[in-house]
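By convention in this document, chain letters (A, B, ...) are assigned in the order of the sequence lines, proteins followed by strands, and residues within each chain are numbered from 1.
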Amino acid sequence: RSSRIRRQTPNNNKKRSKDNEEFGGWNPYADARLSRRSCQKKNLYVSFRDLGWQDWIIAPDGYAASYCNGECSFPLNAHMNASNHAIVQTLVHLMNPYRVPKPCCAPIKLSSISVLYFDDNSNVILKKYRNMVVKSCGCH
Amino acid sequence: FYYDNGVDQTVVHKHLNKREKKEMQSEILHLLGLEHRPRPVLMLPSKKKLEVDDGLSSAPRFLIDVYQSLTEEDSGELKLTPDLIEREFNVSDSDVHSMDEADIIMSFVNRGQHLHGIRHHHSFGRFWFDLSEVPAQTTVISAELRLYINLTMVQENMNTTEKADEEETEGKSQNFSITVYEIGLEDSLIYIDSMEIDSHQEGWVAVNVSVPLQKWLVNPEENFGLQLVCRLSTSGKQISAREVGLVGSHGNDKLQPFMVAFFRSSMPSTQKQLGQQLPVPPKELIDDEDFENDEVPK
């Protein structure tokens, strides 16, 4: 039902109370606030240009490194790419929050980049770095 | 240091001080598997580095073309679309295969003309490549010496006697052979490879030099370079590389000989990711069957 929740406007009080009933007391707007903090991919651009490395890095100028940030809290909706294990981890965490941690927000899909640069001898190296760029994040 | 404000904009989060900047640079260099920031003698043009008329020599240009031919597939993997390099550098199918297989491709600038104390005075046909920066823990997939044959140069360098000979042969093409030798101890020559060149052939040719490269990486002290010998196919008479039309170190920068090598990283996958040695936990702490094959756990 998460897609339906997102479409609702915050001022629609009537609808809100209906949803509260529908969700058995669960407040979907609290969930919407939570979703802003939920596990998601964030962008972090590593700029070789800003580092002043243009004298030895030929290409690229930089790369979108990205990282994963946010919480993996109950309920784990589909947008979090939660693994089955993450759901179990969440349930056990809820039962014993001080001993068992929440699932971890981490990359689930990574891709490579290629960097072209000069070495000390002015030879040129094209090196493929696997798993350097986060394509998507999820709860593990 | 920037962060994403959630609406597709980056915002300055914190200005790093000098020490923090240095640490950050060091971390990124480490991530790239480098111990220090390279200081190449050759300086790059500051703007529009990847444009065609950039004044760069053939060795960097070859890899720039390879880089520009890389496209990201749906899977997020970088794949080669070989049209560009095929057009300019006459790249074969096996080269494209090597490029796809390789984790590292290096193009080496010829330093043969700068060597001192070497008896092979035909510096034109003499090649030497500095391999000191080849990353450790790599396996050679293949390597080739790439040479450019310029037909205009052949016509200019052909002396009158040869022209007369050519006229006598009446249309018989004057083919050449080029042979590459590895230079051994006391200037001994060890045969590596040879190829026949048609008199009308123009463009890049590649000679397989995988064997000497593998040897030099294991024994760097045996790297005395390569020697090129050109002969007329009909008579076997030795001729200069210039007469064949091979572009040497004094020729056009974009057509100078260079060596390209394709390497596969032989580091375990986890180390490959980080570009560094990961600590291995004590065996008594590992009780998972998955870790029994001596792989470093993630």
For B/E133 and A/I125, work out which heavy atoms get closest and say how close.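 For B/E133 and A/I125, the tightest heavy-atom pair comes out as O-CD1, 4.4 Å.
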Just verifying a value: how many Å separate [X] [atom1] and [Y] [atom2], rounded to the nearest 0.5 Å?
| X | Y | atom1 | atom2 | value |
| --- | --- | --- | --- | --- |
| A/F48 | B/I28 | CZ | CD1 | 7.0 Å |
| A/K127 | B/L63 | NZ | CG | 14.0 Å |
| A/N123 | B/F129 | CG | CZ | 9.0 Å |
| A/I58 | B/I64 | CD1 | CD1 | 5.0 Å |

Going by heavy atoms in the side chains, are A/M132 and B/L31 under 4.5 Å from each other? yes
Just so I know, are the side chains of A/L126 and B/F62 near enough to count as touching, which here means a heavy-atom distance under 4.5 Å?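 With C-beta onward as the side chain, the pair stays apart.
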Where does B/L131 contact chain A at under 4.5 Å (heavy atoms): side chain, backbone, both or neither? neither
So for B/A102, is it side chain, backbone, both, or neither that comes closer than 4.5 Å to the heavy atoms of chain A?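 Only the backbone of B/A102 comes within 4.5 Å of chain A.
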Kindly check if the number of other-residue, nucleotide or ligand heavy atoms within 6.0 Å of CG (A/N84) is above 12? no
Can you tell me if NZ on B/K215 sees more than 12 non-hydrogen neighbours from other groups inside 6.0 Å? yes
Holding to ring-ring contact (aromatic ring centres under 6.0 Å, His included), I want the full list of residues that pass it with B/W216, two or more places apart in sequence or in another chain.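 Not a single residue meets the ring-ring contact (aromatic ring centres under 6.0 Å, His included) criterion with B/W216.
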For the backbone of B/P40 and the side chain of A/D120, can you confirm whether one donor and one acceptor N or O come within less than 3.5 Å of each other?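 Pair absent, no side-chain N/O of A/D120 close to backbone of B/P40.
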Donor-acceptor pair, B/Y67 side chain versus A/V115 backbone, under 3.5 Å?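 Here the side-chain-to-backbone pair does not exist.
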I'd like to know whether A/W53 forms a side-chain contact (heavy atoms from CB on, under 4.5 Å) with B/L32, so could you lay out the CA-CA distance, the side-chain angles of the two residues, the decisive distance to 0.1 Å, and finally the verdict. CA-CA 13 Å; A/W53 287 356; B/L32 295 174; 4.2 Å; yes
Counting only non-hydrogen atoms closer than 4.5 Å, does A/V46 touch chain B with its backbone (N, CA, C, O), its side chain (CB onward), both, or neither? side chain
Answer key: most heavy-atom pairs under 4.5 Å with chain A among B/S107, B/P135, B/A59 is B/S107
Among B/M106, B/R39, B/R37, who wins on heavy-atom pairs under 4.5 Å with chain A?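 With the most close heavy-atom pairs to chain A, the winner is B/R37.
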Any pair counted as salt bridge (charged side-chain N to carboxylate O under 4.0 Å, His left out), so long as it reaches residues 134-147 of chain B, sequence neighbours left out: B/D95-B/R146, B/E144-B/R146
Electrostatic pair B/D100:A/K128 at N-O distance under 4.0 angstrom: no
Could you walk me through whether B/S132 and A/N121 pass side chain to side chain donor-acceptor pair (under 3.5 Å), step by step? CA-CA 9 Å; B/S132 58; A/N121 303 314; 3.1 Å; yes
For a side-chain contact (heavy atoms from CB on, under 4.5 Å) check, start with the C-alpha distance between B/L34 and A/W56, then their side-chain angles and the critical distance, and finish with the verdict. CA-CA 12 Å; B/L34 298 167; A/W56 64 276; 3.6 Å; yes
